[in-house]
Amino acid sequence: MRKIVVIGAGVGGLAAAARLAAAGHRVEVHERAAVTGGKLGVHERDGFRFDTGPSLLTLPRVFDDLDLGLRPEPLDPVVRHVFADGTVLDSSSSHGIFLERIGTAFGRDAATDWDRFWRRAARIWQASWDSVLQRPVTAASLARLSWRLGDLAAIAPGRTLRGLARHYLRDPRLRMLLERYATYTGADPRRAPAALAAIPYAELTHGGWYLPGGLGTLGDALHARCVSSGVRVKLGSEVTAIEADTAVRGVRLASGEFVPADVVISNVDAVTLYRDLLPTPQRLTALADRSLAGFVMLLGVRDREPGSGRETALAHHTVFFPGHYDAEFDAVFGSASRRARPADDPAIFVTRADDPAVHPEGHESWFVLVNAARHGTARSAVDWRRPGLADAYAGHLLDVLARRGLDVRDRLVFAETRTPADLADATGAPGGAIYGTAGGLVRPSNRGPVPGLFLVGGSAHPGGGLPMVTLSARIVADAIGPA
Ligand SMILES: Cc1cc2nc3c(=O)[nH]c(=O)nc-3n(C[C@H](O)[C@H](O)[C@H](O)COP(=O)(O)OP(=O)(O)OC[C@H]3O[C@@H](n4cnc5c(N)ncnc54)[C@H](O)[C@@H]3O)c2cc1C
């Protein structure tokens with residue numbers, strides 16, 4: 001039995017702690033915030049309950065062996081896409097149904113294109129799943145991997161997601177739909193690798209899911225699993241340093257207390273870990289771009305009066321696309337000629353759960369998300385703490401939504417915002433970046449630079465998003481092994 005300290009109670013930290021306690025180790029989690037869950041946040045107000053982070057659960061089978069008692073409900077459509085020209089396309093986890101819907105919305109050629117693309121996406125997914133996502137990959141080991149030639153050709157190193165979209169899809173709306181998946185890893189589709197086509201494939205083949213009560217219930221279930229497995233979870237307990245000689249010795253808390261450990265698992269953002277917590281600070285090299293961030297609105301909304309006018313019907317998830325998608329990426333990533341800024345006309349993602357557990361009767365809880373530049377003062381960031389900016393941008397987005405066919409302005413009970421600066425404060429994510437490092441196949445390794453130190457979570461291999469951080473916990477727990 002080894003004494004293991006986990007720094008951070010995000011999904012990755014909790015999943016690793018639960019696994020290792022079940023494997024017989026003595027595990028202690030130190031979380032700087034007053035709550036567990038990290039980016040998987042929940043906000044409650046006047047009977048409204050909001051997920052402030054994830055709203056779409058994919059690959060739920062990844063959680064099966066944690067035995068969390070989850071009852072995911074499949075979504076149909078997985079996402080409703082509303083385009084600037086008024087066309088609507090509902091995605092489906094049945095490939096046949098989705099092809100029919102594409103045919104009806106965009107014509108038969110578009111459906112044929114998607115079908116061809118889908119065969120390629122299947123090969124990309126299989127190659128990624130087998131060779132990358134479930135293994136402890138590093139840049140060197142990835143290069144050494146004896147890729148089967150077919151797999152290597154499938155993931156098309158050197159090609160971007162945009163390049164892949166242009167190669168297979170003639171309809172600009174389908175291209176937009178595919179390119180949006182780059183932002184699921186925080187990346188710009190114009191630079192992100194074609195391998196990200198694995199994401200829509202995983203989402204639409206294995207389905208998009210909702211957890212009754214909201215996705216925050218996943219965090220609660222993980223916390224409960226930790227406690228029932230004997231993990232000690234300490235809240236309000238910030239780790240300020242990892243102490244080591246030839247191997248880790250333990251962690252130092254903000255209170256000054258030293259907590260000895262045989263193994264330390266960091267759920268802290270990898271850049272922060274290397275820069276601030278190691279005995280000898282290091283710069284992470286060969287990082288892909290930092291991920292984009294998100295601007296969130298939490299809206300308490302009165303039900304619409306029956307017959308009170310026409311508006312776009314919301315599905316559980318609805319995305320409203322702009323006419324000119326590139327302008328959004330120019331704004332949130334900045335460019336050589338212009339600094340980053342809030343996007344004027346971004347894609348707007350609305351989540352509205354048809355679940356009485358998350359709103360008072362006669363009302364709805366809306367989570368609205370747009371891509372945003374990270375918080376900061378660099379050219380590639382926006383100072384989200386500038387007085388008045390968040391409220392002004394929220395008002396602007398509600399106007400944009402109204403122009404796109406969904407006017408919620410006279411039904412608001414309240415509107416709250418969560419900027420990238422707020423996410424940085426709440427979870428320690430540098431600049432409020434949602435996914436740590438963006439897009440690439442190679443992320444910081446799950447093994448730290450000191451023996452006995454491991455990394456879990458969205459900024460380490462295999463990446464961000466609930467299923468990936470849970471896979472990172474599995475990779476780390478397997479590397480440490482049973483007591
Ligand atoms: C707006 C938004 C929307 C998203 N949508 C989706 C979605 O629809 N589907 C999906 O799958 N994913 C989504 N994600 C991504 C998903 O939430 C994350 O990838 C995942 O929750 C990250 O988990 P993690 O293990 O990396 O830990 P994090 O959530 O990053 O948690 C890290 C924890 O470590 C703690 N910590 C940091 N430093 C210290 C320290 N020094 N001492 C002690 N504790 C410390 C933090 O307080 C935090 O609790 C979304 C995220 C956001 C923000």
Side-chain angles (χ1 to χ4, degrees), residues 5-17 29-41 50-60 62-63 78-79 183-186 199 202-203 208-211 215-216 218-219 222-223 233-242 251-254 259 264-273 276-277 291-298 317 349 351 367-372 418-420 422-430 432-437 443 455-460 462-473 476:
V5 164
V6 180
I7 312 172
V11 171
L14 291 174
V29 178
H30 289 266
E31 165 57 52
R32 69 197 259 283
V35 291
T36 57
K39 297 185 184 103
L40 178 65
F50 300 91
D51 287 315
T52 59
S55 58
L56 178 65
L57 180 64
T58 52
L59 295 173
V62 162
F63 299 92
V78 179
V79 177
T183 68
Y184 278 34
T185 68
I199 301 175
E203 177 183 299
W209 303 78
Y210 175 67
L211 297 174
L215 264 63
L218 169 63
L222 271 170
H223 187 167
V233 181
K234 304 208 166 172
L235 300 176
S237 182
E238 181 176 4
V239 171
T240 51
I242 293 168
V251 300
R252 181 75 56 186
L253 304 181
V259 183
V264 173
I265 300 175
S266 168
N267 191 202
V268 180
D269 183 274
V271 170
T272 309
L273 165 75
D276 298 341
L277 297 185
S291 143
L292 53 69
F295 180 87
V296 171
M297 291 191 286
L298 308 174
H317 295 296
F349 180 71
T351 300
F367 165 89
V368 181
L369 172 66
V370 299
N371 292 324
R418 296 287 184 277
T419 69
D422 296 328
L423 188 76
D425 288 347
T427 70
I434 294 182
Y435 295 105
T437 43
R443 289 167 180 267
L455 281 72
V456 287
S459 62
L466 299 172
M468 294 302 135
V469 303
T470 307
L471 286 174
S472 79
V476 166

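Atoms within each ligand, like the ligands themselves, are counted from 1 in listed order.
At least one N/O-N/O distance between Arg32 and ligand 1 falls below 3.5 Å. Where the criterion is an N or O separation shorter than 3.5 Å, residue side chain and backbone included, Ile7 fails it with respect to ligand 1. For Gly465, a nitrogen or oxygen atom sits less than 3.5 Å from a nitrogen or oxygen atom of ligand 1, counting backbone and side chain alike.
Within the 4.5 Å cutoff, no side-chain heavy atoms of Leu455 are placed close to those of Ile265. Counting heavy atoms from C-beta outward, Lys234 and Leu253 have side chains that stay 4.5 Å or more apart.
The closest heavy-atom contact to atom 32 (C) of ligand 1, among the options Ile242, Thr240, Asn267, comes from Asn267. Scanning Pro54, Ser459, Gly8 for the heavy atom closest to atom 17 (O) of ligand 1 points to Pro54. Closest heavy-atom approach to atom 26 (O) of ligand 1 within the set Ser291, Gly38, Gly458, Gly463: this belongs to Gly458.
Heavy atoms of Ser55 approach ligand 1 to within less than 4.0 angstrom. Between Tyr184 and ligand 1 there is no heavy-atom distance shorter than 4.0 Å. In this structure, Thr52 has a heavy atom closer than 4.0 Å to ligand 1.
The distance from atom CD1 of Ile7 to atom CD1 of Ile242, rounded to the nearest 0.5 Å, is 4.0 Å.
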